[in-house]
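Following this message is one structure expressed as structure tokens.
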Amino acid sequence: MIPPEERPHSLSPHLALKDARAAIDFYVAAFGATEDFRLVDPADGRIGHAELTFGATKLFLCDEYPEFGAVGPDTLGGSPVQMHLNVADADAFVALATAHGATLLRPVKDQFHGHRTGLLADPFGYRWFVDAKTEDLSTVETQRRWSESTAL
């Protein structure tokens, strides 16, 4: 066993949703994720745990398990959680995702903070900011640009 002080720190979202199989298929086809791991509940066939990789980030997901408090946006009437996905080309990413069933909520456009950003809703109730960096800006410059953009 690896001692706690030698374990790498990481943070992985864990999404519960009504149809984990369809979500995995969607994230692989539309977002370019890789499926790394899947456990299927032998009692009822639900996906109890799956792991996807998006670049260097892991996303965990499962089917709803209301008996354990794991419910998704459909059951809750939406989700307060939004994902932020950094990609090389936001326009190409959004085009592929919408071709596979994502809904465009905000078109991709250049932002004051030096990124090209759009907003998607996946078919499972989660919202995804898609972001491609276009400029390296300091915090001071970003704040200046934000202040100028809100003063218009």
Side-chain angles (χ1 to χ4, degrees), residues 1-137 139 142 146:
M1 185 155 148
I2 300 172
E5 65 276 4
E6 293 180 22
R7 293 182 201 148
H9 289 125
S10 65
L11 177 66
S12 298
H14 192 173
L15 307 180
L17 20 77
K18 281 200 173 187
D19 190 348
R21 280 178 181 74
I24 291 168
D25 291 345
F26 173 80
Y27 295 138
V28 168
F31 287 12
T34 303
E35 181 181 350
D36 302 317
F37 185 83
R38 183 187 298 204
L39 288 176
V40 178
D41 190 327
D44 59 18
R46 288 182 291 178
I47 293 179
H49 182 79
E51 298 180 8
L52 303 179
T53 299
F54 294 74
T57 302
K58 286 278 191 188
L59 173 72
F60 300 158
L61 59 90
C62 66
D63 277 307
E64 288 190 332
Y65 277 81
E67 62 272 32
F68 297 114
V71 293
D74 288 342
T75 298
L76 296 171
S79 173
V81 175
Q82 300 180 77
M83 304 298 157
H84 191 112
L85 189 58
N86 294 304
V87 298
D89 182 337
D91 296 277
F93 186 94
V94 166
L96 179 64
T98 55
H100 284 280
T103 301
L104 183 63
L105 300 175
R106 255 189 253 160
V108 176
K109 71 175 195 172
D110 291 329
Q111 304 291 334
F112 69 87
H113 47 73
H115 294 245
R116 198 158 163 72
T117 304
L119 180 63
L120 300 169
D122 71 25
F124 310 97
Y126 289 100
R127 293 165 40 127
W128 296 76
F129 284 97
V130 178
D131 177 272
K133 189 174 191 176
T134 57
E135 297 179 82
D136 285 319
L137 300 175
T139 303
T142 304
W146 188 23

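Count residues from 1 along the sequence. Values in this document were obtained by computation on a predicted structure and should not be read as measured data.
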Assess whether a salt bridge exists between Lys58 and Asp36, defined as any Lys/Arg side-chain N lying under 4.0 Å from an Asp/Glu carboxylate O.
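Salt bridge: yes.
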Please assess His49 against Phe60 for the test ring-ring contact (aromatic ring centres under 6.0 Å, His included), listing each intermediate value before the final yes or no.
CA-CA 7 Å; His49 182 79; Phe60 300 158; 5.0 Å; yes
Can you name the closest pair of heavy atoms from Gly45 and Val40 and give their distance?
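Closest approach of Gly45 to Val40: O-CG1, 3.5 Å.
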Once you measure the plane-to-plane angle for His84 and Phe129, does it fall in the parallel (<30°), tilted (30-60°) or perpendicular (>60°) bin?
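Parallel.
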Between atom CZ of Arg21 and atom CZ of Arg38, what is the distance when rounded to the nearest 0.5 Å?
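The CZ atom of Arg21 sits 6.0 Å away from the CZ atom of Arg38.
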Take Val130 and Leu120 through the side-chain contact (heavy atoms from CB on, under 4.5 Å) test and state the conclusion after the steps.
CA-CA 7 Å; Val130 178; Leu120 300 169; 3.8 Å; yes
So how far is it from Leu76 CG to Glu64 CD, rounded to the nearest 0.5 Å?
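Reported value, rounded in 0.5 Å steps: 7.5 Å.
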Restricting to non-hydrogen atoms, name the atom on Ala70 and the atom on Ala16 that form the minimum distance, rounded to 0.1 Å.
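Closest approach of Ala70 to Ala16: C-CB, 4.0 Å.
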For the CG atom of Leu59 and the CZ atom of Phe31, what is their distance to the nearest 0.5 Å?
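With rounding to 0.5 Å, CG (Leu59) is 10.0 Å from CZ (Phe31).
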Looking only at non-hydrogen atoms, find the nearest pair between Lys18 and Thr75 and report the distance.
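Between these two residues, the closest heavy atoms are CE-OG1, 3.3 Å.
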Between the side chains of Arg46 and Glu67, is the shortest nitrogen-to-carboxylate-oxygen separation below 4.0 Å, so that they form an ion pair?
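Yes, this pair counts.
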Please give me the minimum heavy-atom distance between Pro123 and Gly101, naming the atom from each residue.
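Here Pro123 and Gly101 meet closest at CG-O, 3.7 Å.
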Measure across Asp63 and Ala20 and return the closest heavy-atom pair with its distance rounded to 0.1 Å.
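Heavy atoms only, the tightest pair is OD1-N, 2.8 Å.
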Using atom types as modelled and distance alone, determine if a side-chain donor or acceptor of Asp25 lies under 3.5 Å from a backbone N or O of Val28.
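Judged by distance alone, no pair lies under 3.5 Å.
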Side chains of Leu39 and Ile47, heavy atoms from C-beta outward: is any pair under 4.5 Å?
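When only atoms from C-beta onward are counted, Ile47 and Leu39 do not touch, as no gap falls below 4.5 Å.
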For residues Asp131 and Leu85, determine if any side-chain heavy atom of one lies less than 4.5 Å from a side-chain heavy atom of the other.
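A side-chain contact is absent here, since even the closest heavy-atom pair is not under 4.5 Å.
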Exceeds 12 heavy-atom contacts within 6.0 angstrom, atom CZ of Arg106:
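Not more than 12 within 6.0 Å, no.
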For the residue pair Asn86 and Phe54, establish whether any side-chain heavy-atom pair is separated by less than 4.5 Å.
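They are not in side-chain contact.
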Run the side-chain contact (heavy atoms from CB on, under 4.5 Å) check on Tyr27 and Asp122 step by step: do they pass?
CA-CA 9 Å; Tyr27 295 138; Asp122 71 25; 2.5 Å; yes
Check: Thr98 side chain, Val94 main-chain N or O, donor-acceptor pair, under 3.5 Å:
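Yes, the answer is positive, given that a donor and an acceptor are paired below the 3.5 Å cut-off.
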Between Phe93 and Trp128, does a ring-ring contact (aromatic ring centres under 6.0 Å, His included) hold up when you go through it step by step?
CA-CA 11 Å; Phe93 186 94; Trp128 296 76; 8.2 Å; no
Are any of the side-chain heavy atoms of Phe124 and Pro73 separated by less than 4.5 Å?
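The answer is no, as the side chains (C-beta and beyond) never meet within the 4.5 Å cut-off.
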Output the distance between atom CZ (Phe112) and atom OG1 (Thr117), rounded to the nearest 0.5 Å.
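The OG1 atom of Thr117 is 9.5 Å from CZ of Phe112, to the nearest 0.5 Å.
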If we ignore hydrogens and angles and just use 3.5 Å, is the side chain of Gln82 paired with the main-chain N or O of Arg127 as donor and acceptor?
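Pair absent, no side-chain N/O of Gln82 close to backbone of Arg127.
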Would you find a donor on one side and an acceptor on the other, under 3.5 Å apart, between the side chain of Asp41 and the backbone of Gly48?
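Checking the backbone N and O of Gly48 against the side chain of Asp41, no donor-acceptor pair under 3.5 Å is found.
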Would you find a donor on one side and an acceptor on the other, under 3.5 Å apart, between the side chain of Ser79 and the backbone of Val81?
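At least one qualifying donor-acceptor pair exists.
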Basic-acidic side-chain contact under 4.0 Å: Asp91, Arg116
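Salt bridge: yes.
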Taking C-beta and beyond as the side chain, do Leu61 and Leu52 meet within less than 4.5 Å on heavy atoms?
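They are in contact (side-chain heavy atoms under 4.5 Å apart), so the answer is yes.
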